[in-house]
Amino acid sequence: MSRYPMYGVQDEQAPVWSRGGSVLESQGGQQGYNPYGYSPHMGQHTTIIHSHTKPQSDASIYKVGIYGWRKRCLYGFILLLTIFVVLNIALTLWIMSVLDFSSEGMGALKMDEDGVRVTGRAQFDLPVHFSQLSTARDEALTIDSYRGVHLQSRNLSGEISSRFSLGQEGRTTAVCDKFEIFDKSNKLLFYADSNEVGLKLENLRILDEGGSVFEGAIQTSLLRPEADTPLRLESPTRGIVIDAAQDIEVLSSAGEINVNSLLDMNIVSKQGKIRLESSSIYVEGMARSNGRGVNHYQVCICQNGRLFMAEQGADCRADRSICA
């Protein structure tokens with residue numbers, strides 16, 4: 001057969017395709033070939049294509065896709081994955097509802113513009129670092145710990161400069177270079193450092209019935225008891241030394257002054273005077289002599305109350321150098 005079909009001859013084995021929806025018919029009711037491609041009835045252009053390729057059987061066609069048990073396994077895997085995704089989403093939503101997740105925070109922990117706000121009781125198992133800790137105006141701040149509370153601060157070089165500890169054994173410890181206590185008007189009341197301890201108070205009151213024990217020296221300008229309470233200075237096993245650069249005044253406005261000593265009592269004035277001013281001066285418990293023995297001196301008194309000694313049997317007279 002030639003490459004191109006003959007005009008006017010129809011090949012019964014070849015299919016005929018047409019464009020435009022019309023096929024030419026020859027005389028006798030059969031379709032014919034129009035070499036010019038015009039329809040005498042429609043006036044429309046028609047193109048006819050003849051194919052000599054034979055259709056292939058279904059057995060020789062390769063089918064693309066997943067079939068059989070592979071398809072069932074794929075559907076089963078997709079179903080199982082869908083179940084896991086649904087369970088994961090449901091578990092996530094349940095955890096969020098239990099922990100009270102929201103746009104403001106989680107549960108009692110809320111995020112504000114100024115910082116983090118905790119509502120109710122909070123427990124921290126690990127160290128927490130913050131620059132300020134405060135509560136609402138109508139609430140109190142409570143810090144509770146089973147192992148003690150430790151507060152410490154560092155200097156610019158990162159070293160610990162001060163530390164405050166509340167121990168579980170009931171001991172409170174403050175470690176610092178200087179410890180100070182102020183009142184609400186920012187007035188210093190108490191301070192302590194490695195050299196001294198100071199109290200800037202108008203009155204220091206010791207409420208213990210047994211008094212107070214001081215191991216070192218005490219420096220004060222006034223020492224007085226409360227009203228209707230006697231003042232007692234006592235050293236059971238040691239001595240008491242009262243020293244002053246100028247005057248020492250022992251005054252009792254409405255009571256007695258008793259000075260008791262087991263051994264000697266010495267009143268010494270190196271350059272000044274020892275003055276006893278009273279309408280009555282009694283010296284009791286002195287030893288008496290029976291007039292025998294060695295002659296002794298006499299004790300005489302000037303008009304201004306000064307005491308001096310005189311020879312035994314002599315008159316108690318003195319000039320201005322003695323009774324001045």
Side-chain angles (χ1 to χ4, degrees), residues 91-223 225-226 234-238:
L91 184 61
T92 303
L93 295 177
W94 178 76
I95 293 175
M96 293 178 63
S97 63
V98 170
L99 297 180
D100 194 13
F101 273 101
S102 64
S103 59
E104 297 179 354
M106 179 182 67
L109 187 65
K110 304 297 181 181
M111 303 294 180
D112 296 337
E113 296 179 356
D114 299 335
V116 180
R117 178 169 54 88
V118 179
T119 304
R121 299 175 63 91
Q123 180 177 354
F124 301 96
D125 296 332
L126 297 176
V128 180
H129 302 274
F130 48 83
S131 59
Q132 182 180 359
L133 180 62
S134 60
T135 61
R137 295 182 178 180
D138 55 346
E139 296 180 358
L141 177 62
T142 303
I143 300 177
D144 189 6
S145 174
Y146 289 98
R147 295 294 182 88
V149 178
H150 304 281
L151 304 176
Q152 62 184 19
S153 62
R154 300 179 181 269
N155 52 20
L156 297 178
S157 61
E159 299 178 355
I160 298 177
S161 59
S162 59
R163 183 171 63 252
F164 181 77
S165 302
L166 299 176
Q168 59 180 352
E169 66 277 3
R171 184 177 63 180
T172 301
T173 305
V175 180
C176 57
D177 294 335
K178 188 174 183 179
F179 182 76
E180 297 178 343
I181 298 178
F182 296 84
D183 60 1
K184 61 181 180 180
S185 61
N186 202 23
K187 180 182 177 181
L188 181 62
L189 301 178
F190 173 83
Y191 71 92
D193 55 18
S194 58
N195 296 324
E196 61 180 359
V197 176
L199 294 173
K200 292 187 177 181
L201 303 173
E202 295 182 357
N203 297 314
L204 175 60
R205 179 177 300 177
I206 300 175
L207 302 178
D208 189 6
E209 296 181 356
S212 179
V213 179
F214 299 94
E215 297 181 356
I218 302 174
Q219 183 176 358
T220 179
S221 59
L222 178 61
L223 184 62
E226 293 190 22
E234 181 181 2
S235 178
T237 58
R238 295 294 186 270

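Note that this is a predicted model, so its numbers are computed, not measured. No hydrogens, no waters, no symmetry mates; every other heavy atom, side chains included, goes into these values.
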Distance col, row K200:NZ vs L189:CG, nearest 0.5 angstrom, shows 10.0 Å
Value rounded to 0.5 Å, distance of CZ in F179 from OG in S162: 11.0 Å
Working to the nearest 0.5 Å, report the span between CG of L133 and CG of L151. 10.0 Å
R154 atom CZ, neighbour heavy-atom count above 12 within 6.0 Å: yes
T173 meets the side chain to side chain donor-acceptor pair (under 3.5 Å) criterion, sequence neighbours left out, with none
Neighbour count >12 (heavy atoms, 6.0 Å) for atom CG, D177: no
Suppose we screen for side-chain contact (heavy atoms from CB on, under 4.5 Å). Which residues come up paired with E180, at least two apart in sequence or across chains? K178, F182, L188, Y191
How close do G148 and S145 get, heavy atom to heavy atom, and via which atoms? O-OG, 2.8 Å
Kindly determine whether M96 and L99 satisfy side chain to side chain contact (heavy atoms under 4.5 Å, CB included), including the steps that lead there. CA-CA 5 Å; M96 293 178 63; L99 297 180; over 6 Å; no
What closest approach, in Å, do N155 and S161 show between heavy atoms, and which atom pair accounts for it? N-OG, 4.1 Å
